[in-house]
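Data first, discussion second: the structure below is written as structure tokens.
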Amino acid sequence: MSNPFEQILEPLDPKQPLKKFFNLSKLEDVRYARLPFSIRILLEAAIRNCDEFLVKKGDVENILNWKVMQHKNVEVPFKPARVILQDFTGVPAVVDFAAMRDAVKKLGGDPEKINPICPADLVIDHSIQVDFNRQSDSLQKNQDLEFERNKERFEFLKWGSRAFKNLRIIPPGSGIIHQVNLEYLARVVMDQDGYYYPDSVVGTDSHTTMIDGLGVLGWGVGGIEAEAVMLGQPISMVLPEVVGYKLVGNPQPLVTSTDIVLTITKHLRQVGVVGKFVEFFGPGVAQLSIADRATIANMCPEYGATAAYFPVDEISIGYLIQTGRDKEKVTCTKRYLEAVGMLRDFKNSSQDPDFTQVVELDLHTVVPCCSGPKRPQDKVAVSDMKKDFEASLGAKQGFKGFQIAPDRHSSIVKFNFEGCDFELAHGSVVIAAITSCTNTSNPSVMLGAGLLAKKAVEAGLTVKPYIKTSLSPGSGVVTYYLRESGVMPYLSQLGFDVVGYGCMTCIGNSGPLPESVVEAITQGDLVAVGVLSGNRNFEGRVHPNTRANYLASPPLVIAYAIAGTIRIDFEKEPLGINASGKKIFLKDIWPTRNEIQAVERQFVIPGMFKEVYEKIETVNKSWNALDAPSDKLYTWNPKSTYIKSPPFFDGLTLALQTPKTIEDAYALLSFGDSVTTDHISPAGNIARNSPAARYLTSRGLTPREFNSYGSRRGNDAVMARGTFANIRLVNKFIDKQGPQTIHFPSGEVLDVFDAAERYKQAGHPLIVLAGKEYGAGSSRDWAAKGPFLLGVKAVLAESYERIHRSNLVGMGVIPLQYLPGENAGTLGLTGRERYTIIIPEKLKPQMNVQIKLDTGKTFHAIMRFDTDVELTYFHNGGILNYMIRKMAS
């Protein structure tokens, strides 16, 4: 069927009549000019893709009538322009595609129908680890080890790039996915198949939202949902409310973009923006660079919103030129945005659209701060860090407590490192990492760190040699301008050599600490500290031996590294004493904003971006040398411990199975609030005493060869054993932290995987009990796939993080939610009961279902299938089963 909106289709340039766009300004509907700019992008996509099948005229009307319909829980489809993946989530996606081809063939269909329709880029950035640091050749050594560990995975990805159309691989060593997206991949306006339209993207990483800072609407989705989008399915979403976040005033001279984003994160957590879009406006936005805006948008998952959108303005256009984009394309971009009413002037309040609600921040009120010790939303002013940490030491175990006995707060452990004697105490810094796209994409904070390092070295300050320092830029451009501006030698002198181009410490790839340091921490049961310029600091994520982890700007990372402790008041205590006996305070070496801006203007230039990105796909010689098959069907190697055909589609038939009541299920685990996807499916080290380690050992591997859980996501046997394997897991059935639970029929305490296997062998279904914000954190599809493989049929929680709920739906696991005001406590649930969940024949979105206990008690919960499309997926046993049946038939 032809598009019913063809009457507003016209050429952007009369000289190029074959290149057209849907001119939304010609809708002649007064509602359009009042829509938030983010909603205008949803509207354009609906109009352009309107076929009265996947996208209907009624959907267009619902979006256009957003002011009314935002409160009606109405479902709308959205077809993003692109998909972006990183390798930890990209490998399992390509594994799924390969397995789906096999399944379609078995069902008599054409396997090549399993092929990305929507353009997809996969950036390999999650595999490199900080194995070597403080050496001039650390970068090369880490990259060599990355290839040694991951050769099999990389060969598989190279096969995928050949076997599937529309899948481009950005090789390892190129940078971090979101920074590469910002500096290179993002178009802002697409020029594709004869049409101009707004760039938009969904990604298999929750921090995909970083691109919102450039005016490209994007957010993270589960890997399962991303696969469906790649195969041409629209995302089915509830039309979101849009919170207008008004920025006014100017930041104080010593404040960084990191301080601003940590302040906004805490503020919006208090406002409550889960499931909503946030759109920034007001004259304060014009004071922020694109890098500043991208930093704020990057941490959108930490404040809980779906997207954190900055509409395109003249500063955005200037950024495209600064980063070496084609000038003719930039001209077309601006012309298109002006034509459709999507170019913003933040100083012109008459352009302000309608919002669901408006909240405001005066940038002048922001002060230097960090966040921690266990959550990114727990902001602490730098001036309060010392007393806040000391208060946390004795506080009850929790997000702000370690429950250390008062008589042990001053404990000191002596140790020897490389022939010298040192001391560790509670609050000692043992990891200091300038890492993560959140900050390394921002020249102002990176150059600020470099200038602070220069002044520190010149003042005679040093960093203790046992502290694991590292610098992992998000792209080669960063190294380029740090080197050209002359600050790199000073960073190296303080131990901040470039160790790799990837996420590294931010995702837990921090590598090992020196043995003597680990022994000292263990001996004294010390609360050692990691300080990083990342976006997440959940317990057990950064490193198993750093119980406290603080997010900070790159200059503050260096400052705390020099101090060697978090227990310092920078205003009253010196960073250190130089060889002349002079006390050096932080204020003595902190660079001014004018200093930083002068260096940035001189050294961050378009030529750098062009030089780095022109050769990004070919510069890695190790990648170029990889040999990979070109067959359309993948030949699975039964000896592989990295890549394995998953069991998700075993026994799949074209006929649908009727969903059945879940009878007499046991609770595998019982959790409190804020259980993250890191708790459910850790990405970091594989503990030597874990079920995954036992499996790998049985396959002939040594602990040195285990690699990380994240790198093993192409092997379901490892990942099932790694589910709920986080060493900091707090299960209410057990009186200590650890990845164990009670197998109730026997009363034995077992590793979670082993308990699940016992239940499965006996034919018992399982559920998981949880509190608020279940599944917060990374958009990790294995946090749904893993429980599915353990036999978990449903999760019962007070609330869910958006992406994780979607992932559970995608795997056919039922997300149940307590009724408002109810939870395990109010209902008197111990978790030791057996649960029967009544699944009626006719299901409706968000319907209440009855749950019966073996004690005779009954209660109701909400079945969180939020749309009719999600119910369709459930009837199929998950979204991938649905796609296979669709392609096979």
Side-chain angles (χ1 to χ4, degrees), residues 38 41-42 45 54 75-94 96-97 116-123 126 167 177-178 181 185-186 199-212 216-240 274-277 297-298 300-302 304-309 676-677 680-681 713 775-785 800-813 815 864-867 869-870 872-873 878-880 882-883:
S38 51
I41 294 172
L42 299 185
L54 290 174
E75 172 189 353
V76 295
F78 175 55
K79 278 195 165 187
R82 299 183 288 124
V83 173
I84 194 164
L85 312 98
Q86 36 90 339
D87 56 301
F88 270 17
T89 49
V91 167
V94 179
D96 286 348
F97 274 7
I117 296 168
C118 182
D121 294 298
L122 192 159
V123 182
H126 273 51
L167 176 63
I177 175 173
H178 307 305
N181 194 17
L185 298 174
D199 188 7
S200 58
V201 63
V202 292
T204 57
D205 189 283
S206 51
H207 295 102
T208 300
T209 52
M210 182 169 177
I211 203 61
D212 289 340
V216 175
L217 184 63
W219 62 85
V221 296
I224 305 156
E225 195 172 7
E227 290 166 35
V229 173
M230 290 165 72
L231 293 171
Q233 288 293 110
I235 286 174
S236 179
M237 60 188 293
V238 173
L239 189 64
V274 173
K276 302 175 184 179
F277 283 5
N298 177 285
C300 174
E302 281 64 55
T306 300
Y309 190 65
T676 71
T677 51
I680 304 167
S681 183
R713 285 183 185 160
S778 303
S779 60
R780 198 162 288 175
D781 57 345
W782 267 108
K785 289 176 175 176
Y800 293 88
E801 194 277 338
R802 176 185 60 85
I803 299 174
H804 184 63
R805 187 200 63 81
S806 172
N807 274 335
L808 291 173
V809 171
M811 287 308 300
V813 177
R864 284 292 310 278
F865 296 123
D866 290 354
T867 66
V869 171
E870 289 187 345
T872 300
Y873 296 155
I879 192 171
L880 300 185
Y882 167 78
M883 294 304 302

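All values below were derived from every heavy atom in this structure, side-chain atoms included, with hydrogens, water molecules and symmetry-related copies excluded.
- A salt bridge (Lys or Arg N to Asp or Glu O under 4.0 Å) check over residues 82-93, counting only residues at least two apart or in different chains, returns the pairs R82-D199, D87-R153.
- Considering all non-hydrogen atoms of both residues, T204 and G223 come closest at CG2-CA, 3.7 Å.
- Under the ring-ring contact (aromatic ring centres under 6.0 Å, His included) criterion, H126 pairs with F88, sequence neighbours left out.
- Rounded to the nearest 0.5 angstrom, T306 OG1 and I803 CD1 are separated by 8.0 Å.
- When all heavy atoms of L808 and P815 are compared, the closest pair comes out as CD1-CB, 4.3 Å.
- A pairwise comparison of heavy atoms in L85 and A120 identifies CD1-CB, 4.1 Å as the closest pair.
- Separation of atoms CD1 (I177) and OG1 (T208) is listed at 5.5 Å; rounding is to 0.5 Å.
- Remark: H804 pairs with no residue by the side chain to side chain donor-acceptor pair (under 3.5 Å) rule, at least two apart or across chains.
- A pairwise comparison of heavy atoms in A186 and I211 identifies CB-CD1, 3.6 Å as the closest pair.
- Side-chain contact of D205 with H178: a donor-acceptor pair under 3.5 Å is present, judged by distance alone.
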Should T209 and N298 be marked as a side-chain contact (heavy atoms from CB on, under 4.5 Å) after you check the CA-CA gap, both sets of side-chain angles, and the distance that decides it?
-> CA-CA 5 Å; T209 52; N298 177 285; 5.5 Å; no
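- Residues C118 and P80 come closest through the heavy atom pair SG-O, 3.7 Å.
- Annotation: salt bridge (charged side-chain N to carboxylate O under 4.0 Å, His left out) contacts of K79 (sequence neighbours excluded): none.
- Side-chain atoms of L185 and V123, non-hydrogen and from C-beta on, do get closer than 4.5 Å to each other.
- Using a distance-only test at 3.5 Å, with no hydrogens or angles considered, no donor-acceptor pair links the side chain of E225 to the main chain of A228.
- Between F277 and W219, the angle of the ring planes lies from 30° to 60°, which puts this pair in the tilted group.
- With sequence neighbours excluded, the residues that form a side-chain contact (heavy atoms from CB on, under 4.5 Å) with S236 are E75, T867, V869.
- Under the rule for a ring-ring contact (aromatic ring centres under 6.0 Å, His included), Y800 has no partner lying at least two apart in sequence or in another chain.
- Every residue two or more places apart in sequence or in another chain was checked for a side chain to side chain donor-acceptor pair (under 3.5 Å) with S200, and none qualifies.
- The side-chain contact (heavy atoms from CB on, under 4.5 Å) search around I224 returns D781, K785, N807, M811, I879, L880, not counting sequence neighbours.
- The closest side-chain heavy-atom distance from Y309 to I41 is below 4.5 Å.
- Scored by the side chain to side chain donor-acceptor pair (under 3.5 Å) test, E870 finds R805 as partners (sequence neighbours excluded).
- A donor-acceptor contact shorter than 3.5 Å links the side chain of R802 to the backbone of G220.
- Residues C300 and A305 share a closest heavy-atom pair of SG-O, 3.2 Å.
- Applying the side-chain contact (heavy atoms from CB on, under 4.5 Å) rule to S681 yields the partners M719, R780, W782, A783; only residues at least two apart in sequence or on another chain are considered.
- T677 contributes no side-chain N or O that, together with a main-chain N or O of G775, makes up a donor-acceptor pair within less than 3.5 Å.
- Applying the side-chain contact (heavy atoms from CB on, under 4.5 Å) test to P119 and every residue at least two apart in sequence or in another chain returns Q192.
- Residues V83 and V201 have side chains not in contact (no heavy-atom distance under 4.5 Å, counting atoms from C-beta outward).
- Residues passing the salt bridge (charged side-chain N to carboxylate O under 4.0 Å, His left out) test with E302, sequence neighbours excluded: R536.
- No donor-acceptor pair under 3.5 Å is formed between the side chain of D121 and the backbone N or O of I84.
- Rounded to the nearest 0.5 angstrom, Q233 CD and M883 CE are separated by 4.5 Å.
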Do V809 and D866 pass the side-chain contact (heavy atoms from CB on, under 4.5 Å) test, and can you show the C-alpha distance, the side-chain angles, and the key distance before you say yes or no?
-> CA-CA 10 Å; V809 171; D866 290 354; over 6 Å; no
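- Within the 4.5 Å cutoff, the side chain of S806 has no heavy atoms near those of the V221 side chain.
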